[in-house]
Amino acid sequence: QVQLVESGGGLVQAGDSLRLSCAASGRTFGNYAMGWFRQAPGKERELVAGIVRDDRESWQVDAVKGRFAISRDNADNTLYLQMNSLKPEDTALYYCAARSAYYISRRISDYNYWGQGTQVTVSS
């Protein structure tokens with residue numbers, strides 16, 4: 001079992017920055033590829049950014065490239081999402097998820113563990 005707890009969400013204005021954190025406990029964090037997903041009201045949950053388990057590769061959806069950066073600290077069992085130049089369309093519930101594999105996947109069903117989510121609201 002892996003327990004994931006997100007933090008760092010909040011209400012900000014357009015153009016502001018936030019850093020989300022996901023603290024992992026349980027099994028070895030470094031054994032999992034990690035992803036940040038988001039779900040806006042009335043929309044499907046989507047992968048925003050992902051990182052392979054040894055930190056060598058990462059991926060971001062086109063909508064956030066150049067604004068969001070994913071990183072991980074395997075020694076500290078923590079996943080991060082630095083979000084800059086936030087836009088109202090970034091408003092969503094953000095989840096971290098762990099996949100028992102080297103590579104990330106865009107499919108929700110490929111992830112084994114999920115956090116409860118942290119709300120990000122961006123006002124215009």
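Positions are given from 1 along the sequence.
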For [Y], does its backbone N or O pair with a side-chain atom of [X] as donor and acceptor, under 3.5 Å?
X: Thr118; Y: Tyr94; value: no
X: Trp114; Y: Leu4; value: no
X: Asn112; Y: Ser100; value: yes
X: Glu6; Y: Gln116; value: yes
X: Arg72; Y: Ala33; value: no
X: Thr28; Y: Gly30; value: no

Please determine whether residues [X] and [Y] belong to a single hydrophobic cluster, defined as Ile, Leu, Val, Met, Phe, Trp and Tyr linked transitively by side-chain heavy-atom distances below 4.5 Å.
X: Phe37; Y: Val52; value: no
X: Leu18; Y: Tyr80; value: no
X: Leu79; Y: Leu93; value: yes
X: Tyr111; Y: Val61; value: yes

Closest non-hydrogen atom pair between [X] and [Y], with its separation:
X: Ile51; Y: Ser71; answer: CD1-CA, 3.9 Å
X: Ser124; Y: Pro88; answer: CB-CG, 3.8 Å
X: Thr78; Y: Asp76; answer: OG1-O, 2.9 Å
X: Ser105; Y: Asp110; answer: OG-OD2, 2.6 Å

Worksheet item: Is there a side chain to side chain contact (heavy atoms under 4.5 Å, CB included) between Val64 and Arg38 once you walk through the steps?
Response: CA-CA 12 Å; Val64 307; Arg38 68 184 179 187; 4.0 Å; yes
Worksheet entry | Pair Arg107-Leu47, side chain to side chain contact (heavy atoms under 4.5 Å, CB included): steps then yes or no | CA-CA 8 Å; Arg107 292 190 302 189; Leu47 180 67; over 6 Å; no
Worksheet item: Taking the side chain as C-beta and beyond, is there a heavy-atom pair between Leu20 and Val120 under 4.5 Å?
Response: yes
Item to complete: Could you check if a side-chain atom of Met83 sits within less than 4.5 angstrom of a side-chain atom of Asp16, using non-hydrogen atoms only?
Response: no
Fill in: Evaluation steps, side chain to side chain contact (heavy atoms under 4.5 Å, CB included), between Gln60 and Ile70
CA-CA 8 Å; Gln60 297 84 36; Ile70 187 170; 3.9 Å; yes
Worksheet entry | Tyr102-Arg53 side chain donor-acceptor pair, cut-off 3.5 Å | no
Practice prompt. Could you check Lys87 against Asp90 for salt bridge (charged side-chain N to carboxylate O under 4.0 Å, His left out), going step by step and ending with a plain yes or no?
Written response: CA-CA 5 Å; Lys87 302 177 180 180; Asp90 296 319; over 6 Å; no
Worksheet item: Which class fits the ring pair Tyr32 and Tyr113: parallel under 30°, tilted 30 to 60°, perpendicular over 60°?
Response: perpendicular
Discussion item. Please list all pairs meeting disulfide (SG to SG under 2.5 Å) that have one or both residues in residues 14-99, counting only residues at least two apart or in different chains.
Written reply: Cys22-Cys96
